[in-house]
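Quick notes on the structure that follows.
Starting from 1, each residue takes its place in the sequence as its number.
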Amino acid sequence: MNILLLSTDTEVISSVRDYTHHNNHLLTVASETDRAKPEIESRSYDAVLMDCSIRPSELIGFSSKTSDALTETVVLLIGPLDHSQREQLGKRLFAHYSIDKPLRGKAFSEVMHRVMMRSTIVRKANLIGRSTAMEETIQTIIQIGPTTINILITGESGSGKEVIARAIHTVSKRSDKPFLAVNCAALAKGVLESELFGHEKGSFTGANARRIGMFEKANNGIIFLDEIGEIPHSTQIMLLRVLEEQEIMRVGGTEIIPVDVRVIAATNRDLDELVERGDFRRDLYYRIKVLEINVPPLRKRSEDIPLFIDHIASNYAQTNNTPARRFDESTKSYLSQFPWPGNVRELRNFVESCLALTTNRIIRLEDIPEHLLSRQTNQSNLPVPAEIASDHAERELIFRTLLELKRDIGEIRDFLFEHSIPRHTAGAYPGVEVTPVESTTERTFEEMERLAIIDSLRLNNGNRKITAEMLGIGE
């Protein structure tokens, strides 16, 4: 670990030097912030230790001037300070941890262990953030990472659930073992079982050779099951056996294979509701949800958006081998006001598009292409997503669409009757009386759906293909 220490206290310098020497860390000491500034801007430091032997006003000025460089750096504030001073100064310095002087061996070692774990999370998993929500998430990861418990990560699409899973892997005792990710929603039932558990040669058509599944490949490591709410019942039973017995059986095989795999699952659906509806096994639910980490959407941690913008811009320059560029502070502040319904994934797309379409070293609001900015502005005028399950929202949207469709069909029917157009020219099915649909809001969803389909079939002369296309459903 590469450490920068700002201090004029000889005892602090001696204690930190002893610690870094004993743990094979690199240490740079600066007694003035003017000397520390070019250091932090020219070299990559995992941690910066700020000692209050340097005037707090100077430390605050240093943090303000180097805030971009400190985005991925862990900051430790060294006292002595009372609780109020520690809290206020810590916020101004973007400090993650604090400790009082003198630096006693065990206490200092413990806080430096947390500093090192956090640095590992930031550097290897790219998990950044200064918001309260993200701070709580990182502290949870540091606490439960070294354990072996199974974890369920919940949150909206694009909020960074896989990043959280990888962060857990980086600080786990299995960090030197495999981390394998499987998108359960992207694979059909038979393919998913083969992907997870493997199959024997000849177990089904096309199985020309034995296949080793993800659980065998991830033995002694971690497997990440994304969108676990989409797993079919038969696969749920097989997965439950793995979690309870720590053993698998390949598809079409008879050999029982022991495995030691830690499972991290993720979903953007409400598993509690899926359990109540019988779509997800209750026993499996409790097995995967030993501990739950909820990743808040970007709109609830807007103070992290400027950090993400800097991080994305830095990665873009490295990936594309281009000069480093950045967004000015007022632009980042303006972009932080948008809801970003696609979360970090959408923000990354936006920032990379801006970098690709502009050439300025410092990107200001007027430099951003109008079509990119107008799209975000239009989205910001949309209602903020409600805190309800995605399947609830989907059902509500379908129901409203059917109501609108019913209304449109009624208007078309009334128009045809008012103008006395014969049924065969109006497209109604010959020989079938067109019966007005009663207007009521007490009908069930199934009744509304059935009536909409019947009316549409009649309007389309019984043509199922045209009706399906009009309704946006399968034939």
Side-chain angles (χ1 to χ4, degrees), residues 1-9 12-13 16-17 20 25-78 89-98 112 115-116 118-130 134 303-333 335-336 351-352 354-355 358-364 367:
M1 190 161 67
N2 200 5
I3 300 172
L4 174 64
L5 171 63
L6 281 73
S7 178
T8 59
D9 189 325
V12 169
I13 295 173
V16 175
R17 183 170 281 127
T20 54
H25 299 318
L26 298 176
L27 176 65
T28 301
V29 179
S31 58
E32 299 175 357
T33 55
D34 289 341
R35 288 184 55 193
K37 185 174 181 294
E39 281 288 339
I40 196 71
E41 290 177 340
S42 62
R43 296 177 61 185
S44 177
Y45 285 93
D46 300 291
V48 175
L49 280 53
M50 299 187 188
D51 180 14
C52 289
S53 60
I54 296 178
R55 286 190 305 175
S57 58
E58 292 185 22
L59 293 177
I60 292 171
F62 169 77
S63 295
S64 177
K65 293 175 183 177
T66 60
S67 59
D68 290 344
L70 291 174
T71 297
E72 300 179 21
T73 304
V74 184
V75 177
L76 172 64
L77 174 61
I78 301 175
L89 185 56
K91 287 182 179 179
R92 301 290 297 275
L93 299 179
F94 310 121
H96 302 99
Y97 304 100
S98 64
M112 287 304 295
V115 168
M116 186 170 61
R118 187 187 187 104
S119 177
T120 301
I121 289 173
V122 172
R123 298 289 183 183
K124 292 188 177 181
N126 294 323
L127 183 60
I128 59 176
R130 291 176 183 153
M134 187 51 61
E303 58 265 53
D304 290 338
I305 291 178
L307 303 183
F308 281 115
I309 293 175
D310 289 339
H311 178 74
I312 295 167
S314 176
N315 282 352
Y316 181 90
Q318 293 177 15
T319 302
N320 295 279
N321 195 26
T322 59
R325 291 185 291 154
R326 63 182 180 86
F327 290 70
D328 73 347
E329 295 302 318
S330 61
T331 301
K332 289 190 289 187
S333 177
L335 295 177
S336 298
V351 172
E352 290 181 348
C354 290
L355 292 169
T358 58
T359 57
N360 294 351
R361 182 175 175 274
I362 298 177
I363 300 173
R364 296 176 174 83
D367 300 324

Are any non-hydrogen side-chain atoms of [X] and [Y] less than 4.5 angstrom apart?
X: Met1; Y: Thr120; result: no
X: Ile128; Y: Asp304; result: no
X: Ile363; Y: Thr331; result: no
X: Arg17; Y: Leu5; result: no
X: Arg118; Y: Val115; result: no
X: Leu307; Y: His311; result: no

Requested in this report: Hey, could you give me each pair passing salt bridge (Lys or Arg N to Asp or Glu O under 4.0 Å) that has a residue in residues 50-65? Not counting sequence neighbours.
Outcome: Asp51-Lys101, Arg55-Glu58
Requested in this report: Would you name the heavy atoms of Ser336 and Pro306 that are closest together and state the gap between them?
Outcome: OG-CD, 3.4 Å
Requested in this report: Heavy atoms only: give me the nearest Val29-Ser7 pair and the separation to one decimal.
Outcome: CG1-O, 4.5 Å
Requested in this report: Assess whether atom CZ of Arg92 is packed by more than 12 heavy atoms of other residues, nucleotides or ligands within 6.0 Å.
Outcome: no
Listing, residues 33-40 side-chain donor-acceptor contacts under 3.5 Å, not counting sequence neighbours, or none:
unit_1, atom_1, unit_2, atom_2, d
Lys37, NZ, Glu41, OE1, 3.4
Lys37, NZ, Glu41, OE2, 3.0
Glu39, OE1, Tyr45, OH, 2.7

Say you draw a straight line from [atom1] of [X] to [atom2] of [Y]; how long is it, rounded to the nearest 0.5 Å?
X: Cys52; Y: Leu59; atom1: SG; atom2: CG; answer: 6.5 Å
X: Lys124; Y: Ser119; atom1: NZ; atom2: OG; answer: 9.5 Å
X: Leu49; Y: Leu77; atom1: CG; atom2: CG; answer: 9.5 Å
X: Ile54; Y: Asp9; atom1: CD1; atom2: CG; answer: 10.5 Å
X: Ile362; Y: Glu329; atom1: CD1; atom2: CD; answer: 10.0 Å
X: Phe327; Y: Lys332; atom1: CZ; atom2: NZ; answer: 9.5 Å

Query raised in the report: For Ser67, what residues pass the side chain to side chain donor-acceptor pair (under 3.5 Å) criterion, not counting sequence neighbours?
Result: none
Quick check: does any side chain N or O of [X] sit under 3.5 Å from a backbone N or O of [Y], one acting as donor and the other as acceptor?
X: Ser314; Y: Asp310; result: no
X: Asn315; Y: Ile312; result: no
X: Ser63; Y: Ile60; result: no
X: Arg325; Y: Leu355; result: yes
X: Asp46; Y: Asn2; result: yes
X: Asn320; Y: Tyr316; result: yes

Query raised in the report: What's the verdict on side chain to side chain contact (heavy atoms under 4.5 Å, CB included) for Arg43 and Leu4, showing C-alpha distance, side-chain angles and the deciding distance?
Result: CA-CA 10 Å; Arg43 296 177 61 185; Leu4 174 64; over 6 Å; no
Query raised in the report: For Ser53 and Thr8, does a side-chain donor sit closer than 3.5 Å to a side-chain acceptor?
Result: yes
Query raised in the report: Do Met116 and His25 pass the side chain to side chain contact (heavy atoms under 4.5 Å, CB included) test, and can you show the C-alpha distance, the side-chain angles, and the key distance before you say yes or no?
Result: CA-CA 10 Å; Met116 186 170 61; His25 299 318; 4.0 Å; yes
Query raised in the report: Could you walk me through whether Arg123 and Thr73 pass the side chain to side chain contact (heavy atoms under 4.5 Å, CB included) check?
Result: CA-CA 9 Å; Arg123 298 289 183 183; Thr73 304; 3.8 Å; yes
Requested in this report: Would you please test Val74 and Tyr97 for side chain to side chain contact (heavy atoms under 4.5 Å, CB included) and show each step?
Outcome: CA-CA 8 Å; Val74 184; Tyr97 304 100; 4.0 Å; yes
